[in-house]
Every structure is written in structure tokens, then in C-alpha cells.
Amino acid sequence: MENGANASFVNRIANPDVSIDDLVADPVARLRAADPCAYEDRGSEDKAGLEGDWADAPNPSSWPGVSRPSALRRRGVDGRDTPGHDEGPGHDEGAGAVLHRSAAPAAPAAHAVNPGFTPNERITLPRHLYGAGRPNAAGLDLADENSLAALAAGVTESVRIRWTAQPAGGGNPPRPVRNPADNRDVVGTVREAGPADIEAALGAAAGAAPAWAATPAGQRAAVLRQAADTMEARMPVLIGLIVREAGKSLPGAVAEVREAVDFLRYYAAEILRIAADRPAPLGPIGCISPWNFPLAIFTGQVAAALAAGNPVLAKPAEETPLIAAEAVRLLHAAGVPHDVLHLLPGDGSVGAAVVADARVNGVMFTGSTAVARLIQRQLAGRLTPSGQPVPLVAETGGLNAMIVDSSALAEQVVGDVIVSAFDSAGQRCSALRILCLQQDIADRTLAMLKGALREIAVGCPDRLSVDVGPVITAEAQDSIRGHIAAMRARGHAVAEAALPPGLAHGTFVAPTIIEIDCIADVEREVFGPVLHVLRYAREDLDRLVTDINRSGYGLTFGLHSRIDETIARVTGGIRAGNIYVNRNIIGAVVGVQPFGGRGLSGTGPKAGGPLYLGRLLAVPPRTALPGVAADVPAAAQAYVAWLRTQGWVREAEQCAGFLAYSMVGASEALPGPVGERNVYTLRPRGGVAAVAGTDSGLLVQLGAILATGNQALVEEGNAARTALAGLPPEIAREVAIVGAIGDAAGLEAVLFEGEVDALRGLTRRLAARDGTIVQAQAARPDSTVPGDAYDLARLVQEVSIATNTAAAGGNASLMAMA
Ligand SMILES: NC(=O)c1ccc[n+]([C@@H]2O[C@H](COP(=O)([O-])OP(=O)(O)OC[C@H]3O[C@@H](n4cnc5c(N)ncnc54)[C@H](O)[C@@H]3O)[C@@H](O)[C@H]2O)c1
Ligand SMILES: N[C@@H](CCC=O)C(=O)O
């Protein structure tokens, strides 16, 4: 079964009703017999491009465009006369006609090929993967001619629409939004928000906060679900807009709409899950999003904030305001009141004005690490009405690596690497930046990668044949090209794909591979189609993991290996939020692979994960993951016992509560497709500072820190430190006495108890630091319930591990089914 037995073959070989003759029958002959017209007249185009290389990849997450009908090469999916592009035959035909004539035949239904076929009831249908309460977002089969006809009609409609984006107040004079694949194509116009628009939106949002907070969770969830249904139904039109405004490929745009729909349904389900706690919202939230997921991330932030009962000031990226405006129109139409959700298009200055306003009680930001730090500095010193530092959820960039050892299957590695590095023209925070190949297999794998590089089709992404579209702006293009030129000048070997002619009006960058000598050769996140490749010796594996961790980023990480011990060792040692084993490292699915990083890559909580809504509430639910078994460290238990022996009765009670509510060490398998195992796990964060004005406060903080498996960092100048005298050695080991908290290495979070002015000062000191964004959490002054003084969810590190279980020898879980 090793090496390439696919799941259906494995399933059939285990079926006693399938004869040997049937099993070994030629599948092509079988298809022809089922539909004599199938595969006629496709000639040599069937073998063109990547299709032949990847079509059999067993990974369910392989490049979504691989099954595209290659007969559509060089032809706009909407039949539009796209200027400057090579027009294939028939470009002047109507869209439906073009697609109808050139699309691949729809695959015959399974029962037509195999008359005895009945679906296995134990294999969940895609729509029901996440249970009855949350339908999976519908996809769009780009190899099916009916789907393509619907897509063509939607895209054509999308081209006819005069897309606009503006704030409710009217905004500044209009400016055109151009297609990055062809700057002569004006997609629509945006009126950016001016100071009066921002002020009006903030005033209205603050005024609307009580009513939205009082709206029952069920009603808010219903509105989000309605928006999800509308968005799903409108998928083809939205795809047309996303492709033109953001330069996304057609498969990428399908995934984008699906992710947005999933976010809406996920957060609707989540608010219902925790509604019994009657969670109180924070108040107006600023949602600031990037251009690279202009619908999904924009919608995800907004949906979460709305679900939690907060009004929203939504600031999309300046490059992609049109799709954001359409999402807001859909949400308003679904029932979100206009004074609750405000679109504020504009550049960073609009975002900065929202962040600066005292009425804003939380900020959700996705974008660069540098801007996240600016926002933290702007928020420093401000507190919410409940006396907490204003929450900042920042999801930022990554220097993502993949390690491939000599046991990995080269063909599978190459497919996963090409997708990870070059899908979306490398413009994903999750994209693979550094590939680490074990020396023994490096030459062969690199040769295969360079071969695959030559096969990547770069071009205008409105064509199904195109794998890689433009980068977002001329500025981005210059910056990426500058990096490639600088690496070449430094003597690194560079291999570039060829750019086809006819792309002069777009901002394209050829997919590129650069060989490097060490991780430190890559100094920053290069946000484009550039893959760095490093060779390592087998005996240096641990050092390599350390070097990757040392970069300070921690977003995605990949490992290709067939050796279980290596998988356990590397996934246990790597510090990344999303870990992928024997598959590609992009395309996290909402609720399946909760997404987000650590260190320079983000603050958490993970988007599309169970802790997310808690951060958008004034008082988060105490038990974010009911029913999961934590693994509370022995030192934490011993600490509670010690407190009791010392007569700290109230403190011992509070800390015993922490033991009950700690989630550290918990692991949960999340639902997903067969052939993949998705485990969500909670690890200790690392160093957590205890900053307390009283002995009692410090003792309670220590209980929270130990209950979550972290190391306590206590300032040597802290007068309350004397309360820790006499700690038994097994507990004292978990406490480090440090100089200034702000300078402490490994600092991940801070617990605070004391005066308001001291808290304000602390937030300013934390914001002034470089490196990881560290936030403080103040003790709840009104806390009377044991385990309630601090939100323990903020002291754990969420990690998602997705493993392709079908990578070695087919899908064993299917084979094991009766
Ligand atoms: N971790 C994730 O989930 C994730 C997802 C997508 C993108 N990213 C990261 O985003 C970056 C690319 O996106 P980008 O170029 O749009 O990022 P960016 O930081 O330049 O901009 C992001 C948003 O912040 C706004 N902004 C800029 N300056 C601001 C300020 N001073 N105050 C408030 N808002 C301000 C921008 O207008 C935009 O809306 C990459 O680094 C990528 O890795 C991360
Ligand atoms: N969630 C997306 C990346 C978002 C950032 O760009 C992925 O998993 O590929």
C-alpha cells in the first residue's frame, strides 16, 4: 500500500464484493464506457501544465486548481475582453458558450461508474462535517461544467456592476480602484472616510452599543447566519470582484468566499455555545484588516465582534475596499443595524484615528508586525470601562519554515512546497518562506522543485489555467524584486520562473527559489512568491529547530517525515501556532485548524477557534472548553496545599479555582475531512510576569501562572515578594526573580494588581518594548468566585496540528471501516 495507493483503491480492495478483474480494470476505459463522449477532443492539452504532475496527490488540501479544465487555458472565465492578454480562440463568444464548449466533461456520478455504489453512512457528507448546527460552506467545483456556467454568469454580472465603497457620511472625493493584474481595468470607486465621517461613525457606534448588547445572542447569531446564506448564494459574483480587486486566482477566490461564510456561521455557533454565561460585550471595536484576504479576514473580524455584541468600526485595507463594502451591504441587508456596523474605508490614517478614539474599547488587527506595534503604542495607557487595558488582538506576519527529512516522499513534498510557497503569489501570512531539506535528498528535491517552478502558469487570474496572479501593488513588486536582486548580489543561487508576455500592465513577480546557507540569511518576511531553500545535516535537526524558533516569529510550520519519532520531536519543539505534518502549510479551515501565531506573529487568540469570542467580551467565559481534560502541573497542586499550610485561606481557595478552570495540556480532535487529523492543543505560554501591589495579590497571581504551566517572573524590587519566602523547592523552581519586567527574556504575558495609574504606566512600558506584543491583564476587583480573578485562557498557547494521515500508504481510517 505504500506510496500512492489512493483512498478509493484502498476502500475497494477491502470490499469482498469487488472482484480482482474489477479491481484492476482500466479506469479510463470504464469512464469511456459510462459516458462515450467523455474525454473526447481534449488531445494533448490534457497533459499540459501542472495537471499531470499533481492530479493524483492524495492530500485533501492539495492545490485547489489542479483539477481545472486545461482546455480553458488562456481564456477569460467570463469571456471578457481583458486588455493586454493573449486571447484564446473564442474570446468573442458569450461567456456561457465559451465555458460550455471548452469545459471538461463533468465526472460521471459514482453510481453511474459503479452501479453497486451506495454512500457509506459513516463517512460524513461535506455539508455536515461540522454537525447540524454549522453547515460547511458550499464549494464550487471548477471541473464541473454546470458550476462553471454559473460562475461565468456571476463573474459577467460582477463585471457589469459599478462597485463602490464609502462611509455612511459620504466620504472624500472618489478615487478609482484598479485591477492589480491590469491597471487599465477600473474595478470601481472608493470614497475614503474623512475626519467627519469617522467622528459620525464613532458617535453612532457608541450610541448603538447598549441596544446591540441587549439584543439576544440568538438574534445576533440568526443575522450572521442569514448573511452567510446570502454570501454563499452570491459566491460567483463575489468571486468576480475578488479576482479583479485583489488579484486572486479563481480557486483562491472560491476558498476566500467559503472562509468568510464559515467565519459567519462559526461565530454564530460560538456565541450560542457560551450564551448561557450571559457574556457582556466590550463596546465599540475597531476592526482593521489587510488586503490579502479582503473578504475572509474582514468578515471574520466583523462577525466575531458582532456576535459578541459589540458595534464595529470596520477599516478595510486601502487596496481592497470594494469587496469589504459588499460584505457590509450583505450584513446590513441580513439585519445588522446600520448604526452598529460602520464601514470606514481609507488608509492607515483612518485606522489610526479609530484606534486613537477613547470610545473604542478593543481593536482587532490583522496585518504587519510593524503596524501592530504602532497600534499597541497608541492604545497604551487607555483602559476599558471595566478597568482592563484595551484589548488588542493582533494577527501578524511569519517567517514560516518547513523541514523535509530523507524519509519523505519527494513527489508529495514538491507538490506541497509549490502550493505552500506560491499559491496566492506567496501573499499569505501562512506561506512557506524557508524550506529546509536534509542534505541527502536536497539535490534531487531541488531539481524537482525547479522543474515544477517552470510549470507554474503566471498570468491574469480570471483564467482557470492560471496558478499565480499579480502581487498587490507596484510598491510590493519593487520590494520583492529588490529582495531577489539583493540576494543575487550577495551570491545566493537564484532560480526564477519565466513570466509570459502580455503582463506589462499588471504587477507580476516571477515565482523564485533562492538558495541560502542559514535561517538568518532571511532577515524579514518577504510577502511574495519567493521561496528560500536551505540544506541541513541530519545530526543538526535539533539545532535547526532552535534556529527557526530564534527568528521570533511563530505562525505556520511544516514537517515532511515518515518517522514517528521525528514527528513527535520536531512538532514538540517548534514554537508555531499552526503545525502541518506531511501536507502543505496554507489554507487553515475555520474551526478545523484555528489559525494564528505567537511571538512576532501575533497575540492570539486564534481566529476560528474556541477562545476568540472570549477576548471580545468584558468578562470572558470561565470555561472556554468545557469537558476537555487538562493536565495541571504538580507544582500548581503543591502550591495550593502550601498556601493552606501558611494560612492563606482565601488565596488558596482562589488558586484551587484556577486548578479547576485551567485548560493547559488539553487536546481536542476537531472535526474535518477524512484523511486528515486535526488536533487543537493548549500549551503553556512561557514567562508570565506577576506584578502585584499586595502579598495577597502576588500569591493569587502565582496560582494562575502555575495552574497554566507557565514560569512566574517576579521583579526583584517588588515589596510583595517577601510573601514567597519559604516556597518549597519544587514550586520555587517555577519562579524566576528578574530585574525590570519590561526587559525580561521570554516574557509572554503580565498579570497586574494595583492602582490604575500604575497599570497605565505598565501598559506604556510594555508597548515601548521591541519584539513580541505583550499585554497586561488586571485582576478583577469584584472577583469573588474562586478561579475568577484572571482569564486563564490568555495564559495558554493555542496550537493547531494538522496531519495528513493518508500520506503514508493511503487512508487507513477508510480501510478500517466496515
Ligand atoms: N496572521 C494573520 O492571520 C495574517 C493574515 C493576513 C495578513 N497578515 C500579514 O499582513 C501583512 C500584509 O498585509 P498589509 O500589507 O495590508 O499589512 P499592513 O500592516 O500594512 O496593513 C494592515 C491594515 O492596517 C492599516 N494600517 C496601516 N497603518 C495603520 C496605523 N498606523 N494604524 C491603524 N491601522 C493602520 C492598513 O490600512 C490596513 O488596513 C503581512 O505581514 C501578512 O503576513 C497576517
Ligand atoms: N489563514 C490563511 C492565511 C491568512 C494570512 O494571510 C491560511 O491559512 O493560509
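This structure is a prediction, so every number in the text was calculated from the model and none was measured. Residue numbers run from 1 in the order of the sequence given. Note that ligands are numbered from 1 as they come in the structure, with each ligand's atoms numbered from 1 the same way.
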Any Ala317 heavy atom less than 4.0 Å from ligand 1: yes
For ligand 2, the portion of Ile586 having any non-hydrogen atom under 4.0 Å away: both
Heteroatom distance test (Asn292, ligand 2): nitrogen or oxygen, under 3.5 angstrom: yes
Nearest-contact summary for atom 31 (N) of ligand 1 - protein heavy atom, Å: Leu374 CD1, 3.9 Å
Glu525 versus Tyr553, side-chain donor and acceptor atoms under 3.5 Å: no
Face-on cation placement of Lys248 at Phe293 ring, 6.0 Å and 45° thresholds: yes
Close-contact set for ligand 2 against Arg428 heavy atoms, below 4.0 Å: 6 (O), 7 (C), 9 (O)
Protein heavy-atom partner closest to atom 41 (O) of ligand 1 - residue, atom, separation in Å: Glu525 OE1, 2.6 Å
Ion pair Arg377/Asp770, N-O distance below 4.0 Å: yes
Ring-ring centroid check Tyr267 Tyr612, cutoff 6.0 Å: yes
Separation of Thr681 OG1 from Arg683 CZ (nearest 0.5 Å): 6.0 Å
Per atom 26 (N) of ligand 1, closest listed option by heavy atom (Ala372, Gly348, Ala352): Gly348
Any donor-acceptor N or O pair under 3.5 Å, side chains Glu676, Asn804: no
Pair Asn678-Gln593, side-chain hydrogen bond (donor to acceptor under 3.5 Å, both in side chains): steps then yes or no: CA-CA 7 Å; Asn678 288 289; Gln593 291 119 5; 2.9 Å; yes
Contact check: Glu259 vs ligand 2, nitrogen or oxygen atoms, below 3.5 angstrom: no
Proximity of Phe595 to ligand 1 by residue part, where a heavy atom lies under 4.0 Å: side chain
Residue and atom name of the nearest protein heavy atom (relative to atom 9 (C) of ligand 1), distance in Å to one decimal: Gly367 O, 3.2 Å
No-hydrogen, no-angle side-chain donor-acceptor test under 3.5 Å, Asn584 and Ser420: no
Nearest non-hydrogen protein atom, atom 4 (C) of ligand 1: Cys429 SG, 3.1 Å
Heavy-atom donor-acceptor pair, Gln301 side chain to Ile288 backbone, under 3.5 Å: yes
Contact atoms of ligand 1, heavy-atom distance to Asn292 under 4.0 Å: 6 (C), 7 (C)
N or O contact, Lys315 vs ligand 1, cut-off under 3.5 Å: yes
Thr320, Ile288, Thr366, Ile375: member with heavy atom nearest to atom 22 (C) of ligand 1: Thr366
Worked check of side-chain contact (heavy atoms from CB on, under 4.5 Å) between Phe298 and Leu343: CA-CA 11 Å; Phe298 178 86; Leu343 179 73; 4.0 Å; yes
Heteroatom distance test (Cys429, ligand 2): nitrogen or oxygen, under 3.5 angstrom: yes
Ligand 2 N/O within reach of Phe595 N/O, cut-off under 3.5 Å: no
Rounded distance [0.5 Å steps], CG in Asn292 versus SG in Cys429: 6.5 Å
Proximal atoms of ligand 1 relative to Ile297 (non-hydrogen, under 4.0 Å): 5 (C), 6 (C)
Whether Pro316 lies under 4.0 Å from ligand 1, heavy atom: yes
Check: Ser430 N/O within less than 3.5 Å of ligand 2 N/O: yes
Distance under 6.0 Å and angle within 45° of ring axis: Arg583 vs Tyr580: no
Gln378 and ligand 1 - part of the residue with a heavy-atom distance under 4.0 Å: neither
Nearest non-hydrogen protein atom, atom 8 (O) of ligand 2: Ala588 N, 2.8 Å
Atoms in ligand 1 with a heavy atom of Phe365 nearer than 4.0 Å: 19 (O), 22 (C), 23 (C), 24 (O)
Pairwise side-chain contact, Phe365 with Ser289, heavy-atom cut-off 4.5 Å (strictly under): no
Closest approach of any protein heavy atom to atom 20 (O) of ligand 1, naming residue and atom: Ser368 OG, 4.0 Å
Any side-chain donor near an acceptor of the partner, Arg265 and Asn136, under 3.5 Å: no
Phe527 heavy atom under 4.0 Å from ligand 1: yes
Val371, portion touching ligand 1 at heavy-atom distance under 4.0 Å: side chain
Ligand 1 contact on Asp347 by region, counting heavy-atom pairs under 4.0 Å: backbone
Thr556 side chain to Ser430 side chain, donor-acceptor N/O pair below 3.5 angstrom: no
Cationic N near anionic O, under 4.0 Å, Arg550 to Asp547: yes
Salt bridge Arg685-Glu798, side-chain N to carboxylate O under 4.0 Å: no
Contact partition for Glu318 relative to ligand 1, non-hydrogen atoms under 4.0 Å: side chain
Nearest protein heavy atom with distance in Å, relative to atom 15 (O) of ligand 1: Trp291 NE1, 3.0 Å
Protein non-hydrogen atom found under 4.0 Å from atom 18 (P) of ligand 1: yes
Side-chain H-bond candidate by donor/acceptor type, His532 with Asp521, under 3.5 Å: no
Pairwise side-chain contact, Ile239 with Leu241, heavy-atom cut-off 4.5 Å (strictly under): no
Minimum-distance protein heavy atom relative to atom 1 (N) of ligand 1: Thr396 O, 2.6 Å
Atoms in ligand 1 flagged as close to Pro290, the criterion being non-hydrogen separation under 4.0 Å: 6 (C), 7 (C), 13 (O), 16 (O)
Ligand-side contact atoms (ligand 2) for residue partner Gly587, heavy atom cut-off under 4.0 Å: 7 (C), 8 (O), 9 (O)
Selected option - heavy-atom contact closest to atom 39 (O) of ligand 1, from Gly286, Gly351, Ala394, Ser289: Ser289
